[in-house]
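Let me begin by presenting the structure, written as structure tokens, before commenting on it.
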Protein chains: 2
Amino acid sequence: MMETRLALLDAAQEMAQKVGYNAFSFNDLARRLGIKPASVHYHFPTKGDLGRAMMARYRLSFLGRLHEIETGTKRARARLKRFVGLFQSALATDRLCLCGTLATEYATLPAAVKREVRRFFDDSEAWLARVLEEGRRAGQLSFDGTAPGAARTLFAAFEGAMISARTFGEPARLEEAGRWLVAGVSPR
Amino acid sequence: MMETRLALLDAAQEMAQKVGYNAFSFNDLARRLGIKPASVHYHFPTKGDLGRAMMARYRLSFLGRLHEIETGTKRARARLKRFVGLFQSALATDRLCLCGTLATEYATLPAAVKREVRRFFDDSEAWLARVLEEGRRAGQLSFDGTAPGAARTLFAAFEGAMISARTFGEPARLEEAGRWLVAGVSPR
DNA sequence: GTCTATAGGTGGATAGAC
DNA sequence: GTCTATCCACCTATAGAC
């Protein structure tokens, strides 16, 4: 069934966000769904296939939420705050951004999964760069250098803040970083 | 011998920085040293013992370099740049900060290793906070909020930038983040 | 200190019945 | 689609000889 496939992706994503790609197995997923490990291979022949599908779905879902932010929120600073809010939501259930966990394990990933991780960076940074550039043009934001450069740094900073926050069980660390960094691109 | 113990710590640290804690085994270490896996257990009874010793040594070594920076460099901005330089050195051999990799795998770590990871955050952030506060007092730096708050955000941002840079094989991403963030705490 | 031998467990993956 | 059975490789760890 398609339901099983989706449930597998859900379980895999949750585990990857919580313990990492190398720390969950087909056995773990099977137990959670009440099926046998061999059955998982019917839906995803190899773990790499699963990893690729999981990361691709996560990226598209994330892009969808970014689109919602763009249509629903017009002020640049509010958009950036909502971007951080997406990370805060994940952190509320002790999850990291899937992109952050996989990027840290990058050297061990199948090539197809690596590609999806880089695409997640690319898409997120492109969105942030657009928001930053529009905001600057509208006089709502102020920062030195190029928008893509600021976007790369902000995205990486949010990822890092998330890791730090979860390590200490202190979501406030992410919120603090969000405030601090958004203030850093605000007019003085 | 003590040499073997140190060589094991070196090998373990390199692998952990490159592929993560869960992706290297006693077998990997043994092969690299030309000994048998069972011999590794003589020096470190469990992998948790090894992980704890590895992270503790890394932290003390890092603290030593921070001390060198403090005694050798007086201007606050130059100190921050040299802090980033430590991360850039690791990145030059495709390594992440050990603290960043272990923090991402945090949920899977033995308790003793977790403790060492948090101590690394604490020590690094305390050092950064001191440099930031002194720099502000001296009129060399300027930033809103508390120095510990800025330190937490900067440290996390550097960690994130490192992960991003290694994912793309673009050290410039870390350098860019360093410039951008240090500029953010510089007087306007 | 390092070895051989070994234990018990888990990993990803496949073949073939139902 | 899911199952049983099975494969082989690998993992952490221990016992005991050298």
Side-chain angles (χ1 to χ4, degrees), chain A residues 1-55 57 101-102 104-114 116, chain B residues 1-55 57 101-102 104-114 116:
Chain A
M1 295 196 226
M2 210 61 189
E3 294 164 29
T4 302
R5 188 191 153 88
L6 289 178
L8 283 170
L9 288 173
D10 286 340
Q13 183 183 320
E14 182 186 339
M15 294 213 68
Q17 288 181 277
K18 287 187 175 174
V19 302
Y21 180 83
N22 291 316
F24 78 86
S25 66
F26 275 29
N27 213 319
D28 296 323
L29 304 181
R31 245 184 288 115
R32 187 174 305 205
L33 268 70
I35 60 179
K36 296 295 167 185
S39 305
V40 179
H41 286 279
Y42 169 80
H43 301 277
F44 303 99
T46 72
K47 193 178 176 183
D49 293 326
L50 169 63
R52 194 198 132 285
M54 170 184 74
M55 189 66 218
R57 187 186 69 146
T101 62
L102 297 209
T104 305
E105 300 177 281
Y106 195 75
T108 71
L109 300 178
V113 184
K114 285 183 177 175
E116 286 297 330
Chain B
M1 295 196 225
M2 210 60 190
E3 293 164 29
T4 303
R5 188 190 153 88
L6 289 178
L8 282 170
L9 287 173
D10 286 339
Q13 182 183 320
E14 181 185 340
M15 294 213 67
Q17 288 180 279
K18 287 188 175 173
V19 302
Y21 180 82
N22 291 317
F24 78 87
S25 67
F26 274 30
N27 212 320
D28 295 323
L29 305 181
R31 242 182 292 117
R32 189 175 303 205
L33 267 71
I35 61 178
K36 296 296 168 184
S39 305
V40 180
H41 287 279
Y42 169 79
H43 300 277
F44 302 100
T46 72
K47 192 178 176 183
D49 293 325
L50 169 63
R52 195 198 132 286
M54 170 185 74
M55 189 66 220
R57 187 187 70 146
T101 62
L102 297 208
T104 305
E105 300 178 281
Y106 196 74
T108 72
L109 300 178
V113 183
K114 285 184 178 175
E116 286 299 330

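In the text below, chain A, chain B and the rest are named by the order of the sequence lines, each starting its count at 1.
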* Asked: Counting only non-hydrogen atoms, which of residues 10-28 of chain A are less than 4.0 Å from DNA chain C?
  -> Phe24(A), Ser25(A), Phe26(A), Asn27(A)
* To do: Return the value, rounded to whole Å, for the distance between atom NE2 of His41(A) and atom P of dT14(C).
  => 7 Å
* Structure fact -> Rounded to whole Å, the CD-C1' distance (Glu3(A) to dT2(D)) equals 15 Å
* Which pair of heavy atoms, one from Ala11(A) and one from Leu33(A), lies closest together, and at what distance? -> CB-CD1, 4.2 Å
* Under the side chain to side chain contact (heavy atoms under 4.5 Å, CB included) rule, collect the residues that match up with Ala12(B), sequence neighbours excluded. => Phe24(B), Leu29(B), Leu50(B), Met54(B)
* Residue pairs, two or more places apart or on separate chains, that pass side chain to side chain donor-acceptor pair (under 3.5 Å) and touch residues 11-22 of chain B -> Gln13(B)-Gln17(B), Gln13(B)-Arg57(B), Glu14(B)-Lys18(B), Glu14(B)-Arg32(B), Gln17(B)-Arg95(B), Asn22(B)-Glu105(B), Asn22(B)-Thr108(B)
* **Arg31(A): salt bridge (Lys or Arg N to Asp or Glu O under 4.0 Å) partners, not counting sequence neighbours** => Asp28(A)
* To do: Can you sort out the partners of Arg5(A) under salt bridge (Lys or Arg N to Asp or Glu O under 4.0 Å), two or more places apart, ordered by chain and number?
  => none
* Which pairs count as salt bridge (Lys or Arg N to Asp or Glu O under 4.0 Å) when at least one residue sits in residues 40-52 of chain B, sequence neighbours excluded? -> none
* Structure fact -> With sequence neighbours left out, the residues meeting ring-ring contact (aromatic ring centres under 6.0 Å, His included) with His41(A) are Phe26(A)
* Structure fact -> For Pro110(A) and Gly48(A) the tightest heavy-atom approach is CG-CA, 3.9 Å
* Structure fact -> So, with a heavy-atom separation below 4.0 Å from DNA chain D, the residues of residues 42-55 of chain A are Tyr42(A), His43(A)
Between protein and nucleic acid, restricted to nucleotides 3-7 of chain C and to nitrogen or oxygen atoms under 3.5 Å apart, what atom pairs and distances do you find?
residue, atom, partner, partner atom, Å
dC3(C), OP2, Lys36(B), N, 2.6
dC3(C), OP2, Ser39(B), OG, 2.7

* Asked: Any idea which heavy atoms bring Leu102(B) and Met55(B) closest together, and the distance?
  -> CD1-SD, 3.9 Å
* **Results of side chain to side chain donor-acceptor pair (under 3.5 Å) for Thr104(B) - residues two or more places apart only** => Thr104(A)
